[in-house]
Amino acid sequence: NRSLDFFHQELMKIKNPVVVDFGAETGCYSLLAKFVEGSRFYAFEENQDLAEILRSNIRLNHVESRVHVISSIETDTIDVLLASQKLDQLDFIKIRFDEATLQRIRGAGTVIRRFRPSLMVEINDSTHNAFPAEKAALLALPELRDYQVSSVEPGNIFCTPGSSAS
């Protein structure tokens with residue numbers, strides 16, 4: 001998986017990275033905590049069955065102290081969800097693309113402005129063609145206006161902050 005390799009390489013460039021994995025599913029990305037020294041992951045998964053598998057995978061990989069699972073998600077805004085985590089740093093947001101992605105990123109304006117994290121939007125096979133208008137709207141979001149946008153592999157979008165802070 002080129003996106004997973006790319007994500008891993010990007011994390012290795014950051015000292016003690018703090019990562020939000022929104023739509024963590026079973027933990028494919030969050031389990032990189034095992035290989036990225038000093039990393040802290042906040043894995044959000046609202047599907048309770050997937051969250052249980054995620055917790056099991058975290059235990060099996062002995063990364064309980066570095067991967068925190070949040071499964072009771074009562075709001076779609078990332079700002080609200082992260083406020084309760086009292087983060088002093090946020091380097092990367094990985095978000096699974098679905099019909100609520102635009103709303104979630106709009107709801108992350110505060111953390112995007114404060115921390116200027118890189119952002120990876122994971123677009124899997126089932127959503128690749130399902131939301132073309134939303135994908136175009138994602139690239140036009142004001143929250144990402146000074147971000148450099150590229151594609152890691154067909155569909156997945158990687159955004160890095162530009163040189164100017166907003």
Side-chain angles (χ1 to χ4, degrees), residues 1 3-124 127 134 138 141 143-144 147 149 152 156-161 165-166:
N1 181 317
S3 292
L4 187 61
D5 291 340
F6 182 81
F7 186 75
H8 180 234
Q9 291 303 313
E10 289 300 307
L11 292 181
M12 295 299 289
K13 297 175 185 176
I14 304 166
K15 182 177 180 170
N16 304 320
V18 175
V19 180
V20 167
D21 185 353
F22 203 87
E25 296 182 333
T26 59
C28 184
Y29 287 87
S30 291
L31 291 174
L32 285 174
K34 184 172 184 166
F35 307 104
V36 181
E37 188 177 332
S39 61
R40 285 183 295 156
F41 279 73
Y42 295 87
F44 291 87
E45 180 50 61
E46 56 194 335
N47 178 307
Q48 296 305 310
D49 293 332
L50 290 175
E52 281 310 308
I53 295 168
L54 172 61
R55 285 184 183 94
S56 177
N57 287 339
I58 289 167
R59 281 190 300 277
L60 289 170
N61 285 277
H62 310 288
V63 290
E64 300 94 331
S65 66
R66 294 193 297 168
V67 181
H68 309 281
V69 177
I70 298 94
S71 60
S72 57
I73 303 172
E74 298 174 9
T75 178
D76 280 334
T77 68
I78 293 173
D79 283 341
V80 171
L81 292 168
L82 293 181
S84 66
Q85 301 303 315
K86 301 190 184 342
L87 299 179
D88 57 355
Q89 168 186 346
L90 177 60
D91 301 296
F92 216 108
I93 298 173
K94 190 281 293 176
I95 187 167
R96 181 182 62 226
F97 186 83
D98 62 22
E99 64 278 352
T101 300
L102 292 175
Q103 180 181 350
R104 287 184 180 128
I105 293 175
R106 283 186 189 114
T110 300
V111 295
I112 289 173
R113 283 187 299 277
R114 178 176 176 206
F115 296 112
R116 313 263 310 134
S118 292
L119 177 76
M120 183 173 148
V121 180
E122 177 190 24
I123 303 172
N124 62 33
T127 57
E134 286 85 350
L138 170 73
L141 284 173
E143 292 82 359
L144 302 178
Y147 273 60
V149 178
V152 178
N156 289 350
I157 299 169
F158 184 65
C159 307
T160 53
S166 41

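Side chains included, hydrogens not; waters and symmetry mates left out as well; all remaining heavy atoms used. What you are looking at is a predicted structure, and each value in this text was computed from that prediction instead of being measured.
Tested against Leu32, the residues Lys94, Met12, His8 include a single side-chain contact (heavy atoms from CB on, under 4.5 Å) partner, His8.
Between the CG atom of Asp21 and the CD atom of Glu122 there is a distance of 7.5 Å, given to the nearest 0.5 Å. Expressed to the nearest 0.5 Å, how far OG of Ser56 lies from CG of Asn61 amounts to 9.5 Å. For the atom pair CD1 (Ile95) and CZ (Phe44), the distance works out to 10.5 Å, reported to the nearest 0.5 Å. A distance of 8.0 Å separates CG in Asp79 from CD1 in Ile112, rounded to the nearest 0.5 Å. Note that CZ of Phe6 is 8.5 Å distant from CE of Met120, once rounded to the nearest 0.5 Å. Atom NE2 of His62 is separated from atom CG of Leu31 by 11.5 Å, given to the nearest 0.5 angstrom.
Distance alone, capped at 3.5 Å, places no donor-acceptor pair between the Glu45 side chain and the Ser71 backbone. Side-chain atoms of Arg66 come within 3.5 Å of backbone N or O of Ala33 as a donor-acceptor pair.
Listed by chain and residue number, Glu52 satisfy the salt bridge (charged side-chain N to carboxylate O under 4.0 Å, His left out) test with Arg55 (two or more places apart in sequence, or in another chain). For the ring-ring contact (aromatic ring centres under 6.0 Å, His included) test, no residue two or more places apart in sequence or in another chain qualifies with Phe115.
Nearest approach of Pro117 to Ile93, heavy atoms of both residues: CG-CD1, 3.9 Å. Closest heavy-atom contact between Asp91 and Asn16: OD2-O, 4.1 Å. Heavy-atom minimum distance, His68 versus Ile70: O-CD1, 3.5 Å. The minimum heavy-atom distance between Val18 and Gln89, with the atom names listed, is CG1-O, 3.3 Å. Between Ser3 and Asn156, the shortest heavy-atom distance links the atoms OG-ND2, 2.5 Å. In terms of heavy-atom proximity, Ser118 sits nearest to Thr160 at OG-CG2, 3.7 Å.
The side-chain heavy atoms of Ser39 and Leu11, taken from C-beta on, include no pair separated by under 4.5 Å. Using a 4.5 Å heavy-atom cutoff, the side chains of Phe41 and Ile58 are not in contact. In this structure, Val149 and Ile157 have side chains that are in contact, with non-hydrogen atoms separated by less than 4.5 Å. Looking at heavy atoms from C-beta onward, Asn57 lies in side-chain contact with Ile53 at the 4.5 angstrom threshold.
Side-chain rings of Phe7 and Phe92 approach one another, their centers coming within less than 6.0 Å.
More than 12 heavy atoms of other residues, nucleotides or ligands sit less than 6.0 Å from atom CD of Glu64.
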